[in-house]
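Working notes for the structure below.
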Amino acid sequence: MSAVHTAITTAEQQHRIYKAFDWIIIPIVVLVIIGANHIHAMLTMGDWDFWIDWKDRRWWVTVTPIALIFFPAALHYILWNNFRLPFGATLATAGLLIGEWANRIANFVGWAYFPLNMVVPAEIIPMALCLDAILLISRSLTMTGVLGAMLWGIIFYPANWVIIAPFHVPIEYNGTMMSLADLIGYNYVRTGTPEYIRIIEEGTLRTFGEDVTPVSAFFAGFISVGAYFLWLGIGKWFGLTTWMKRV
Amino acid sequence: MFNIKKTVLMLMAIMVGCIALYAAPALAHGEKSQAAYLRMRTLLWYDVEVSTTKLQVNDEMTMTGKFYWFYDWPSNIAKPEVAFLNIGIPGPVFIRKASYINGVSGTNSTRFEIGETYEFKVILKARRAARVHMHALMNVKEAGPLIGPGRWVEVTGDMADFTNEVTTLTGETVDLETYGLANAVKWHIFWGVIAAAWLLYWIFQGPILIPRYKKVKLLNEDADDIITPANRMVGLVLLIGTMAVVTWSYYHAHSQYPVTIPLQSGQITIPALPDAARGVNVEMVDARYRVPGRSLEFTIKVTNNTNSPIRPGEFTSANVRWMNPDVSKAEPADSHDPVASNGMTYEGGAVMPGQTKLLKVACTDAAWETYRLAKLIYDPDSRFGGLLFFFDEEGNRSVVALGGPLLPVFI
Ligand SMILES: [Cu+2]
């Protein structure tokens with residue numbers, strides 16, 4: 001840092017350097033986040049996010065928010081503690097969606113010819129906006145973890161219902177009742193993804209079994225709270241300046 | 001302790017595994033890759049036919065056939081408690097309009113009985129131009145894909161002409177190729193724009209990294225003072241606005257689609273076909289594989305409980321067919337259809353009604369090598385299996401499963 005300081009003589013020059021620093025660092029960080037978060041997402045929620053006939057009201061609703069809070073939490077720690085910037089969650093989710101859309105269009109449609117409506121990624125930006133907004137309003141990572149992460153898990157399903165509801169309209173097909181999502185999964189042959197491989201709700205003998213979604217959403221919220229704090233810690237570890245010293 | 005190197009290596013291994021798994025169907029022709037004893041003693045397909053091999057986009061074709069779950073199922077392979085009748089093609093060149101197992105719709109995953117025979121029918125509608133080697137396929141949970149016979153099929157025409165229209169129980173007719181897409185894209189764009197605005201709001205507050213970092217370090221415990229009341233007001237508007245839109249969209253979707261159902265995941269059991277042996281009983285006496293002659297030779301004790309003399313006309317295993325043209329004729333359907341038109345000979349003559357006698361059958365063909373079935377003798381379990389077809393004088397067929405230890409003859 002000291003070498004940089006001595007080269008700068010005026011405030012205007014300093015401003016230019018800072019600006020250049022932003023323009024160099026921010027795109028690199030964004031690209032790294034897209035790549036890393038995308039790999040993380042494919043390894044954790046994978047098929048649930050790929051296919052319309054995996055987006056159920058028990059597993060998908062639970063797995064997605066829990067899996068996806070990792071990067072927002074880590075970025076919250078780094079960006080808030082060092083810069084007081086409250087956009088870590090939006091950056092992580094919007095970046096992920098850019099990667100996902102590129103992947104779905106290039107690979108699933110361009111390469112394998114699946115119809116795009118079968119492989120639309122889940123909508124995850126509203127949850128991130130809430131998480132960021134709560135951080136900004138409360139100015140507290142703890143409050144964000146408790147309130148924001150809970151909200152993050154809870155609103156995932158309502159925010160996506162407007163996209164997936166049309167696919168849950170029933171149809172009678174060859175004597176069986178299916179949702180249109182099931183039918184798309186059946187029509188568009190996937191050699192390596194047979195019907196039974198789907199991990200989706202199968203129903204239980206528990207009473208009030210029809211209230212699956214709110215239960216799953218609250219469960220996802222609770223786990224997201226825990227996961228948020230876990231990943232704040234990991235963000236802290238990644239943000240350690242010892243890394244810089246080594247470089 | 002948490003070992004970062006090990007974890008990274010493990011994650012990389014998982015990733016490579018996932019990529020390999022996803023790439024596998026694209027490589028096609030898995031027909032020879034599985035161990036010979038597994039292909040011969042799991043699912044035995046026969047009578048597989050396609051209604052046409054050349055069709056236009058939107059044309060339909062039918063694949064029919066039968067499969068038999070071999071009675072001596074390898075103990076290391078999961079039994080077909082949950083299985084799904086599938087089609088082996090690289091991506092949806094066709095859509096599956098319908099599939100039936102013994103006349104029951106195959107939309108659900110199914111349970112099958114070992115030692116039983118089922119017939120199937122799959123109706124496919126051509127979707128895009130391609131020349132593909134299409135296979136009948138059975139996915140078995142925890143076992144994997146069991147590949148049936150393949151056929152070269154050619155689709156011509158333009159994918160843009162393809163439609164997949166269905167009518168829902170609420171009375172709407174929709175095209176599943178594009179259904180719901182415009183709505184999904186609209187919402188993704190809407191939230192994408194809001195996200196971009198939120199990020200730009202911060203980025204355009206001048207250089208943000210170094211100056212803010214310095215200020216945070218300078219203010220130390222009072223670093224929160226960097227956040228202005230105006231900033232927080234923007235945050236509040238964002239929070240309330242987001243919640244309002246989410247809530248509105250949720251109820252809007254409910255009123256637009258009042259009737260919805262959860263994803264359907266039930267499983268069914270389908271009764272088997274009647275016994276295809278029709279009163280013919282076979283006992284394995286002895287079986288040898290002659291390596292230099294590429295010939296399977298087995299002696300069997302046959303009891304004929306039907307009322308007509310019978311003779312063996314075909315032996316089939318692992319989708320390869322050895323024909324005895326004196327009794328039953330078949331030719332390869334295309335360049336990749338392993339049918340040995342003169343592959344089977346036998347000694348012992350016809351088995352009369354009520355008679356029990358020994359027959360000596362030989363199945364000879366280069367397919368033992370080209371389809372990697374001769375490797376059986378080097379497998380960890382060198383027992384073989386297959387289906388032997390007997391025909392009576394009226395052409396009635398009896399299908400008998402047989403198998404047992406196979407001894408190699410090297411000289
Ligand atoms: Cu093939």
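As a basis for the values below, the full set of heavy atoms in this structure was taken, side chains included, without hydrogen atoms, waters or symmetry mates. Throughout, protein chains are lettered first and strands after them, A, B, ... in sequence-line order, and every chain is numbered starting at 1. Because the structure is a prediction, the values reported are computed rather than measured.
When each of B:Ile208, B:Val234, B:Val246 is scored by its heavy-atom pairs under 4.5 Å with chain A, the top score falls to B:Ile208. Contacts with chain B were tallied for A:Ala128, A:Pro121, A:Gly175, A:Ala181; A:Pro121 has the most, counting heavy-atom pairs under 4.5 Å. Contacts with chain B were tallied for A:Ile163, A:Ile184, A:Asp22; A:Asp22 has the most, counting heavy-atom pairs under 4.5 Å. Ranked by non-hydrogen atom pairs under 4.5 Å with chain A, the options B:Gly266, B:Pro145, B:Gly192, B:Ala83 are led by B:Ala83. Contact count against chain A (heavy-atom pairs under 4.5 Å) is highest for B:Thr168 among B:Thr178, B:Thr168, B:Asn231. In terms of heavy-atom pairs under 4.5 Å with chain B, the best-connected choice from A:Met177, A:Arg139, A:Lys19, A:Met118 is A:Arg139. For the options B:Ile226, B:Val166, B:Leu199, heavy-atom pairs under 4.5 Å to chain A are most numerous at B:Leu199. The candidate from B:Val245, B:Val104, B:Leu236, B:Leu124 with the greatest count of non-hydrogen atom pairs under 4.5 Å with chain A is B:Leu236. Counting heavy-atom pairs closer than 4.5 Å to chain B, the top residue among A:Ala165, A:Pro158, A:Cys130, A:Pro126 is A:Pro126. Between chain B and the residues A:Tyr188, A:Trp23, A:Trp54, the largest count of heavy-atom pairs under 4.5 Å involves A:Tyr188. By number of non-hydrogen pairs under 4.5 angstrom with chain A, the leading residue of B:Gly88, B:Ala98, B:Pro258 is B:Ala98.
The contact between B:Trp191 and chain A is made by backbone and side chain atoms together, counting heavy-atom distances below 4.5 Å. Interface residue A:Ile200: only side-chain heavy atoms are found under 4.5 Å from chain B. Only the side chain of A:Leu151 has a heavy atom closer than 4.5 Å to any heavy atom of chain B. A:Trp101 touches chain B through its side chain: at least one heavy atom from C-beta onward sits under 4.5 Å away, while N, CA, C and O do not. Interface remark: B:Ala196 contributes no atoms to any contact with chain A (heavy atom separation under 4.5 Å). Of the two parts of B:Met233, neither the backbone nor the side chain holds a non-hydrogen atom closer than 4.5 Å to a non-hydrogen atom of chain A. Looking at A:Ala94, the atoms closer than 4.5 Å to chain B (heavy atoms on both sides) all sit in the side chain, from C-beta outward. For a residue to count as touching a neighbouring chain, one of its non-hydrogen atoms must lie under 4.5 Å from one of that chain's; by this rule B:Tyr201 does not touch chain A. Heavy atoms of B:Val140 lying under 4.5 Å from chain A belong exclusively to its backbone. For B:Asn139, the parts lying near chain A are the backbone and the side chain together; criterion is any non-hydrogen pair under 4.5 Å. Contact annotation for A:Val189: both backbone and side-chain heavy atoms come within less than 4.5 Å of a heavy atom of chain B. Interface residue B:Gln267: only side-chain heavy atoms are found under 4.5 Å from chain A.
With contacts defined as side-chain heavy-atom distances shorter than 4.5 Å, the pair B:Val174/A:Val169 does not qualify. Counting only heavy atoms from C-beta outward, the side chains of B:Tyr250 and A:Val162 never approach each other to under 4.5 Å. The side-chain heavy atoms of B:Ser249 and A:Trp161, taken from C-beta on, include no pair separated by under 4.5 Å. Residues A:Asn187 and B:Lys125 fail the side-chain proximity criterion, which asks for heavy atoms closer than 4.5 Å. Proximity of A:Ile155 to B:Met243: side-chain heavy atoms (C-beta onward) are separated by under 4.5 Å at one or more points. At a threshold of 4.5 Å between non-hydrogen side-chain atoms, the residues B:Ile87 and A:Thr191 do not count as touching. Using a 4.5 Å heavy-atom threshold, the side chains of A:Glu123 and B:Phe190 count as separate.
One finds the CE atom of A:Met178 at 4.5 Å from the OG1 atom of B:Thr107 (value rounded to the nearest 0.5 Å). Taking CD1 of B:Ile261 as the start and CG of A:Asp182 as the end, the distance is 6.5 Å to the nearest 0.5 Å. With values rounded to the nearest 0.5 angstrom, A:Asp132 atom CG is found 10.0 Å from B:Thr242 atom OG1.
Side-chain contact check for A:Tyr196 and B:Glu81: no donor-acceptor pair (N or O, by modelled atom type) lies under 3.5 Å. A donor-acceptor pair shorter than 3.5 Å can be found between the side chains of A:Tyr18 and B:Lys214.
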**OP:** Run the numbers on B:Ser105 and A:Tyr173 for side chain to side chain donor-acceptor pair (under 3.5 Å), then give the verdict.
**Re:** CA-CA 9 Å; B:Ser105 174; A:Tyr173 201 77; over 6 Å; no
**OP:** Dump the intermediate steps for side-chain contact (heavy atoms from CB on, under 4.5 Å) on A:Trp80 and B:Asp224, then the final yes or no.
**Re:** CA-CA 10 Å; A:Trp80 182 258; B:Asp224 283 350; 3.8 Å; yes
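Taking the six-membered ring where the residue is Trp, A:Phe87 and B:Trp202 present tilted rings, their angle falling between 30° and 60°. Ring geometry for A:Phe167 against B:Tyr179 counts as perpendicular: the plane angle is over 60°, on a 0 to 90° scale with 30° as the lower cut.
Looking at every heavy atom in both residues, A:Asn82 comes nearest to B:Lys217 through OD1-NZ, 3.6 Å.
The number of heavy atoms from other shown groups lying within 6.0 Å of CD (B:Glu165) is above 12. The environment of NZ in B:Lys121 is sparse: at most 12 heavy-atom neighbours from other residues, nucleotides or ligands sit within 6.0 Å. In the displayed structure, A:Tyr113 atom OH is contacted under 6.0 Å by at most 12 heavy atoms of other residues, nucleotides or ligands.
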